[in-house]
There are 2 protein chains.
Amino acid sequence: MSYTYDYPHPAVTTDIVVFTVENDTLKVLLIQRKVAPYKGQWALPGGFVRIEESIDACAGRELEEETGVKGIFLEQLYTFGDPNRDPRERVISVSYYALMPLDDVDIKPGTDSADVGWFDVDTLPTLAFDHEKIISVARDRLTAKMNYSTVGLMFMPEEFTLSEVQSLYETVSGGSRDKRNFRKWLLALGIVEETGEKKVEGAHRPAMLYRLKDKTDVMIIK
Amino acid sequence: MSYTYDYPHPAVTTDIVVFTVENDTLKVLLIQRKVAPYKGQWALPGGFVRIEESIDACAGRELEEETGVKGIFLEQLYTFGDPNRDPRERVISVSYYALMPLDDVDIKPGTDSADVGWFDVDTLPTLAFDHEKIISVARDRLTAKMNYSTVGLMFMPEEFTLSEVQSLYETVSGGSRDKRNFRKWLLALGIVEETGEKKVEGAHRPAMLYRLKDKTDVMIIK
DNA sequence: TCAAAAGTGTTAAGACTACACCCATGT
DNA sequence: ACATGGGTGTAGTCTTAACACTTTTGA
């Protein structure tokens, strides 16, 4: 079957930048391409928008199909459309980004991808298409948002300690923060609460565990 | 001539939201459609992306063709792609927005538009497609940016008085501001300078005229 | 008892807010 | 001389930044 139009139409894809934090480094989720072009190279998960599917739905579907990650909150980032960004045909890519705790979902390659993995954003392999550029824009947006919202908490698992949150903020937005001021700030926001449990780990005083009061409510502007 | 693909392709358009301020009201630039669908109705300027043209270039070209406005700074806003937003076929729209001083360019309808005009954003006519939604998103973005950047100055003509800037800020982001504090804030940013001229207008003390030190440099974050 | 991270308040500096009167001009 | 918008400084409040020691635990 084929589809005919009076004027040339571009193809439209979504590409998804998923960030996480592991061992005090910011990482991004990549897949290894199984097909040409850029066969064997690493790329962002993503794919073509179906004709009866919304762009948001496409992003969620492609992410799940190619990496096994599902149900995370995706936000539209930017639309890239330079005429030669894809060697096959004119392709316009609507990019999305998301943040997730590392242990939330098991990642596994789909049928279109040979492999899936987390990569340190500062030492990425050579990437397919203009995906390096897309990741760079996503990272800038993330860094900016860290400074005027509570997005950072989307990296945290169900339960966490205040020191873990601080360490995460230091990793993602760079620089170090004063421990007392950081805790005052976070607690004053009123979006976390003590679980009553403690995290025992190593030869030192155990830390109080906290959780988000309302999981969806992350995003309050400072 | 026709164009054939193995899979269905959506069409891609740009739509441009141009804001200005006139008589203490925020206005948006609309065109009246000359052709179906929504023939005779008001809509955002915009049109189909050509196959060898970047999306940014398309936005600039369509704006000029349909309204006569050219050379203004366009920023990508959001990509709208609900499957049924256009009755003809699947159309994905990459939206842009811009701010301009009212007297900068003469607006004139192009060949595809019956008329062009500025409309008060609070009392818009019924609009074609989902353009009301697009304007609403653009307005939210504008209002937000007014609070952490100096975008507002993009509404000003070459030379302006401080009272005019203040009045503009009050119009766009709502509420009134203290005159002395507003002037202190704006002057402390160091992005405007006196021209040495004064604006004589009516039976009162003439106001000092100012200009931007660096026209491109607007956008400093507070 | 030592090492290691958790936890906890106060003070100083800077930013923001509120506020009222005189000035230059045209009629 | 009066009506109109232009122009100017200070004091109080609130916010942010800097800073160091005690606690709890495991080894």
Side-chain angles (χ1 to χ4, degrees), chain A residues 21-24 144-150 152-153 156-157 159-171 173-211 220-222, chain B residues 21-24 144 146-150 152-153 156-171 173-211 220-222:
Chain A
V21 172
E22 181 181 21
N23 300 329
D24 294 331
K145 283 224 170 183
M146 292 289 288
N147 292 315
Y148 63 85
S149 80
T150 58
L153 293 170
M156 303 312 299
E159 302 195 335
F160 48 83
T161 71
L162 297 186
S163 294
E164 286 166 353
V165 181
Q166 182 179 347
S167 158
L168 182 147
Y169 267 79
E170 290 173 344
T171 295
S173 49
S176 65
R177 306 203 176 194
D178 178 84
K179 182 162 46 155
R180 280 170 288 190
N181 293 338
F182 183 83
R183 282 160 183 250
K184 254 178 291 180
W185 169 74
L186 182 52
L187 293 174
L189 287 176
I191 58 174
V192 298
E193 62 187 4
E194 297 184 2
T195 65
E197 303 296 304
K198 296 188 180 200
K199 179 168 190 169
V200 181
E201 177 198 45
H204 55 83
R205 180 172 175 175
M208 289 293 311
L209 281 166
Y210 289 78
R211 73 167 80 88
I220 297 168
I221 292 169
K222 181 170 70 173
Chain B
V21 172
E22 182 183 18
N23 298 330
D24 296 330
M146 292 289 288
N147 293 316
Y148 63 84
S149 81
T150 59
L153 293 170
M156 303 315 297
E158 196 73 20
E159 302 196 334
F160 48 83
T161 70
L162 298 187
S163 295
E164 287 166 353
V165 182
Q166 184 180 345
S167 159
L168 182 144
Y169 268 79
E170 291 173 342
T171 296
S173 48
S176 65
R177 305 202 178 195
D178 179 83
K179 183 162 42 158
R180 280 171 289 193
N181 293 339
F182 184 83
R183 284 162 182 248
K184 253 179 293 179
W185 169 73
L186 182 52
L187 294 174
L189 288 176
I191 58 175
V192 299
E193 62 188 2
E194 296 184 2
T195 64
E197 304 294 306
K198 295 187 181 202
K199 178 166 191 171
V200 181
E201 179 198 41
H204 55 83
R205 179 173 177 175
M208 289 293 311
L209 282 165
Y210 288 78
R211 74 168 78 89
I220 299 168
I221 292 168
K222 179 170 72 173

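Below, read A as the first sequence line, B as the second, and so on, with proteins coming before strands; counting in each chain starts at 1.
- Considering only residues two or more places apart in sequence or on other chains, B/Lys184 meets the side chain to side chain donor-acceptor pair (under 3.5 Å) condition with B/Asn181.
- Going from atom CG of B/Leu187 over to atom C1' of C/dA15 covers 17 Å, rounded to whole Å.
- Rounded to whole angstrom, the span from the CG atom of A/Leu209 across to the P atom of C/dA6 amounts to 11 Å.
- Closest to the B/Lys184 side chain, of the nucleotides C/dA18, C/dA6, D/dA17, is C/dA18.
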Stepwise side-chain contact (heavy atoms from CB on, under 4.5 Å) check, B/Met146 with B/Leu168:
CA-CA 11 Å; B/Met146 292 289 288; B/Leu168 182 144; 4.1 Å; yes

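- In this structure, the CZ atom of A/Arg183 is 12 Å from the P atom of C/dG9, given to the nearest Å.
- Residue contacts shown for A/Lys199 are absent, as no nucleic acid heavy atom lies under 4.0 Å away.
- A/Arg205 is linked by a side chain to side chain donor-acceptor pair (under 3.5 Å) to nothing, counting only residues two or more places apart in sequence or in another chain.
- Counting only residues at least two apart or on different chains, the salt bridge (charged side-chain N to carboxylate O under 4.0 Å, His left out) pairs with a member in residues 190-200 of chain B are B/Glu164-B/Lys199, B/Glu193-B/Arg211.
- Note: CG (B/Leu186) to P (D/dG7) measures 12 Å, nearest angstrom.
- If you take CD of B/Gln166 and C1' of D/dT8, they are 14 Å apart, rounded to a whole angstrom.
- Aromatic ring pairs are classed by plane angle as parallel below 30°, tilted from 30° to 60° and perpendicular above 60°; the pair A/Tyr148 and B/Tyr148 is parallel.
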Please list each protein N or O that sits under 3.5 Å from an N or O in nucleotides 2-5 of chain C, with the distance.
unit_1, atom_1, unit_2, atom_2, d
C/dA4, N3, A/Ala203, O, 3.4

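- Take A/Ser173 and apply the side chain to side chain donor-acceptor pair (under 3.5 Å) test, not counting sequence neighbours, and it matches A/Arg177.
- Atoms CZ (A/Arg177) and P (D/dC19) sit 17 Å apart, rounded to a whole Å.
- Considering only residues two or more places apart in sequence or on other chains, B/Asp24 meets the side chain to side chain donor-acceptor pair (under 3.5 Å) condition with B/Ser167.
- B/Asp178 places its CG atom 12 Å from the C1' atom of D/dT8, with the value rounded to the nearest Å.
- DNA chain D is contacted by both A/Arg180 and A/Val200; A/Arg180 maps to the nucleotide lying nearer its 5′ end (nearest heavy atom per residue).
- The nearest heavy atom of DNA chain D to B/Met208 and to A/Asn181 marks one nucleotide each, and the one closer to the 5' end goes with B/Met208.
- Heavy atoms of B/Lys198 sit nowhere under 4.0 angstrom from any nucleic acid atom.
- D/dC14 atom P lies 23 Å from atom CH2 of A/Trp185, rounded to whole Å.
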